[in-house]
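Some notes on the structure that comes next.
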Amino acid sequence: MTDALPTSGPDIRVRIAPSPTGPLHIGTARTALFNFLFARRMGGTFILRLEDTDVARSTLAYERDILDGLHWLGLTWDEGPGVAGAEGRGAHGPYRQMERLPRYAAEAERLLSADQAYPCYCSPEELDAERRRLEAAKLPPRYSGRCARLSATERAGLVAEGRAAALRFRVGEGVVGFEDLVRGWVEIDVANLGGDFVIVRGDGTPLYHFTVVVDDAAMQISHVIRGEDHLSNTPKHILLFRALGYAEPRFAHLPLILNPDRTKMSKRKTQTAISDYIAEGFIREGLVNFLALLGWSTGTEEEVLALDALCARFALEAVHKGGAVFDRERLEWLNGQWIRKLSADELVDRLRPFLAAEVAAARIERMPTDVELLALIPLVQERLPVLGAIGDLVGFLFVDRITVEPALLVPKRWDAATTLAGLSAARPIAAGGDGDVDGDGSLEFEAASLEAGLRALAEQRGWKAGDLFMAIRVATTGRTATPPLFETLVTLGRTRTLERLDGAIALLEQAH
RNA sequence: GCCGCAUUCGUCUAGAGGCCCAGGACACCGCCCUCUCAAGGCGGAGACCACCGGUUCGAAUCCGGUAUGCGGUACCA
């Protein structure tokens, strides 16, 4: 069976099967990425399937978030719904489980009539009590099998009581083993599965362990690549594949992504929604690169890799077995690497929504033009770990008035009087006076001449140029850390530079 | 409890018996560059390769056990 599976080509079929019960999770994105990389590497088919049988928690908004997030990451799928709410494309649909109900019903019926499954009339309360009893006795929880051998008349009696019947799968006995592509041979005694398990609820809706097998079989999935948290469940799935008469796919269980305390990554301890990372200004190249290297490496020292390079190098055999802690510092570093690789035009495009958000939040007063943005790129490109940092970096350029903390105005080695003298002396240079070597007032407001003029001033007065520059920096931007000063002043423009110098001078005089 | 999986610098990892008294990257520290902040360059600190036994001339690498951690154990997915 397994040796009949393809080793390359379009018959390599893998899938990502998220539940629209929450926003796209980092872990789901990583699993999707590994499936995608494997499919692309092998020339296979990557499928998206929505597992929406938890009707109470599934929403269209989450579905949209998940599809948008995967699209944003660049993980395009060959089969499945293209957009939220739409029908999927591909020959193995439908790709939404709630649209596959007849299929599950038919498969359940097959198991029932083959007596590989049976109706169970135990109520949730009874099962709960049973489980608690076992736990209290320090025994592993397991279904007693009470309904496993009911006679027809017993069943009729329970039905007459008005009890709803769930459907349980007979696990039988023996040991189930499989060759996991990342972990090697794994085997589990069926006796440890907790007894016959429910595959269809009392209300007739099918359960995960059942739907996943029916769908993977129907969609001819060749490789099931998923998180390690499913490893212990795999024997259940294998049993179901066999009972249903389908070939088993191959399995590969990925190491978990961990919180800093090494527990399974959770939104309580780590930011997990991809949309939150997008909102902060992580870019797809950085996030994809980072995620690919969580639990896998090329085996070389290269680590800044684009999606196509990752595809070219990916190998399931090289995936690690141990869990990997999500290290945000490393993500930011990689993100910065990729921001620096962007072309100026591209960076302008990506920055625009973040500036718009600054406007919307009233942190800046107007949206910069594309020309202004393009001019800013050389000043900001290597200073952005995330795109969302743009507001802090250059927001002072797009507000009419800045607020200046008087204490910041005075450089460390200076006092208020020196600062006042420094700014007052700098003003005419910025105004084009003293720095105007031709004396005709035509001096351009330009970085090199501003720097030359102000350096000359500092030297003449015996000041450290850095101190003078710092005073001007704070006076004109309100901050101690900014892009290079003279380019910044030029961007600010002569008029506003002078206004802000005057404002700072007034502030210092007032403090006197 | 039971079952399963895992275990190399704080973190991500290289390493498939001698090339390893363990290499790279992030973070950290220092120096250089420098108007600040970054970026970049150079250097440093940081791992008794979880532990104990065994196999071998030789083990991070093979075997066994122990410990610890994590995951699973639902009419959730």
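Letters A, B, ... mirror the listed sequences (proteins, then strands); counts begin at 1.
- For the P atoms, the distance linking A45(B) with C29(B) amounts to 16 Å, nearest Å.
- Partner assigned to A39(B) is none, using Watson-Crick or G-U wobble distances below 3.5 angstrom.
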*asked:* Base contacts versus sugar-phosphate-only contacts with protein, heavy atoms under 4.0 Å: please encode nucleotides 70-77 of chain B as B, S and - from 5' to 3'.
replied: SBS-SBSB
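- Separating the CH2 atom of Trp185(A) from the C1' atom of G4(B) is a distance of 15 Å, rounded to the nearest angstrom.
- Mapping Lys321(A) and Thr482(A) onto RNA chain B by nearest heavy atom places Lys321(A) closer to the 5' end of the strand.
- When Watson-Crick and G-U wobble pairs are counted only if both distances are under 3.5 Å, C3(B) pairs with G71(B).
- The separation between Glu303(A) atom CD and G24(B) atom P is 12 Å, rounded to whole Å.
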Give me, pair by pair, the N or O atoms of the protein and of nucleotides 39-47 of chain B that are less than 3.5 Å apart, along with how far apart they are.
from: A39(B); atom 1: O3'; to: Arg340(A); atom 2: NH1; distance (Å): 3.4

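- Rounding to whole angstrom units, CE of residue Met470(A) and P of C37(B) are separated by 7 Å.
- Comparing the P positions of U13(B) and C75(B) gives a spacing of 35 Å, expressed to the nearest Å.
- As rounded to the nearest Å, A16(B) and C28(B) have C1' atoms that lie 32 Å from one another.
- Protein atom CZ of Arg226(A) is 15 Å distant from nucleotide atom C1' of C5(B), rounded to whole Å.
- Taking the C1' atom of each, C62(B) and C3(B) are spaced 27 Å apart, rounded to whole Å.
- When the P atom is compared between U68(B) and G41(B), the two are found 45 Å apart, to the nearest whole Å.
- Distance check on atom P: A60(B) versus C52(B) gives 13 Å, rounded to whole Å.
- A ring-centre distance under 6.0 Å is found for Phe314(A) and Phe34(A).
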*How far apart are the C-alpha atoms of Arg473(A) and Thr482(A), what are their side-chain angles, what is the distance that settles it, and do they pass the side-chain hydrogen bond (donor to acceptor under 3.5 Å, both in side chains) test?*
CA-CA 8 Å; Arg473(A) 164 176 293 111; Thr482(A) 68; 2.9 Å; yes
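- Spacing of C1' atoms, A22(B) relative to C48(B), comes out at 12 Å, to the nearest Å.
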Distances for protein N/O vs nucleotides 13-17 of chain B N/O pairs under 3.5 angstrom?
from: U13(B); atom 1: OP1; to: Gly295(A); atom 2: N; distance (Å): 2.4
from: U13(B); atom 1: OP1; to: His320(A); atom 2: ND1; distance (Å): 3.2
from: U13(B); atom 1: O3'; to: Ser297(A); atom 2: OG; distance (Å): 3.2
from: U13(B); atom 1: O3'; to: His320(A); atom 2: NE2; distance (Å): 3.2
from: A14(B); atom 1: OP1; to: Ser297(A); atom 2: OG; distance (Å): 2.9
from: A14(B); atom 1: OP1; to: His320(A); atom 2: NE2; distance (Å): 3.0

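- Using a 4.5 Å cut-off on side-chain heavy atoms (C-beta onward), Thr476(A) and Thr488(A) make no contact.
- Rounded to whole Å, atom C1' of A38(B) lies 13 Å from atom CD1 of Ile390(A).
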Using residues 457-470 of chain A as the side-chain source, report each donor-acceptor pair under 3.5 Å to any protein atom, sequence neighbours left out, with the distance given to one decimal.
from: Asp467(A); atom 1: OD1; to: Arg413(A); atom 2: NH2; distance (Å): 2.9
from: Asp467(A); atom 1: OD2; to: Arg413(A); atom 2: NE; distance (Å): 3.1
from: Asp467(A); atom 1: OD2; to: Trp414(A); atom 2: NE1; distance (Å): 3.4

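- The closest side-chain heavy-atom distance from Glu303(A) to Arg330(A) is below 4.5 Å.
- Ring planes of Phe197(A) and Phe169(A): tilted class, angle from 30 to 60°.
- Glu99(A) contributes no side-chain N or O that, together with a main-chain N or O of Arg96(A), makes up a donor-acceptor pair within less than 3.5 Å.
- Under the Watson-Crick or G-U wobble criterion, with both distances below 3.5 Å, A25(B) is paired with U11(B).
- If you measure from atom CZ of Arg330(A) to atom C1' of C26(B), you get 6 Å, rounded to the nearest angstrom.
- Judged by the 6.0 Å distance and 45° axis criteria, Arg479(A) is not positioned over the aromatic ring of Phe396(A).
- Residue Gln381(A) contributes atom CD, which lies 16 Å from atom C1' of C37(B) at whole-angstrom precision.
- At the heavy-atom level, Pro385(A) lies nowhere under 4.0 Å from the strands shown.
- Residue-level contact check: Glu187(A) touches the backbone only, with heavy atoms under 4.0 Å from sugar-phosphate atoms and none from bases.
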For a quick test of your reading: what N or O donor-acceptor pairs under 3.5 Å do the side chains of residues 379-387 of chain A make, sequence neighbours left out?
from: Gln381(A); atom 1: NE2; to: Ile339(A); atom 2: O; distance (Å): 2.9
from: Gln381(A); atom 1: NE2; to: Leu342(A); atom 2: O; distance (Å): 2.8
from: Arg383(A); atom 1: NE; to: Leu379(A); atom 2: O; distance (Å): 2.8

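- Contact between the side-chain N/O atoms of Arg455(A) and the OP1/OP2 oxygens of C35(B) is found at a separation under 4.0 Å.
- For the pair Arg350(A) and Glu346(A), the salt-bridge criterion is met [side-chain N within less than 4.0 Å of a carboxylate O].
- Partners of His25(A) by side-chain hydrogen bond (donor to acceptor under 3.5 Å, both in side chains), not counting sequence neighbours: none found.
- Rounded to whole Å, the C1' atom of U11(B) lies 28 Å from the corresponding atom of C32(B).
- Nucleotide A45(B) forms a pair with no other nucleotide shown, judged by Watson-Crick or G-U wobble geometry with both contacts under 3.5 Å.
- Judged by distance alone, the side chains of Asn233(A) and Tyr208(A) never bring a donor and an acceptor atom under 3.5 Å apart.
- Using modelled atom types, one finds no donor on one side chain facing an acceptor on the other under 3.5 Å when comparing Thr211(A) with Asp215(A).
- Atom CD1 of Ile257(A) and atom P of A6(B) are 18 Å apart (whole Å).
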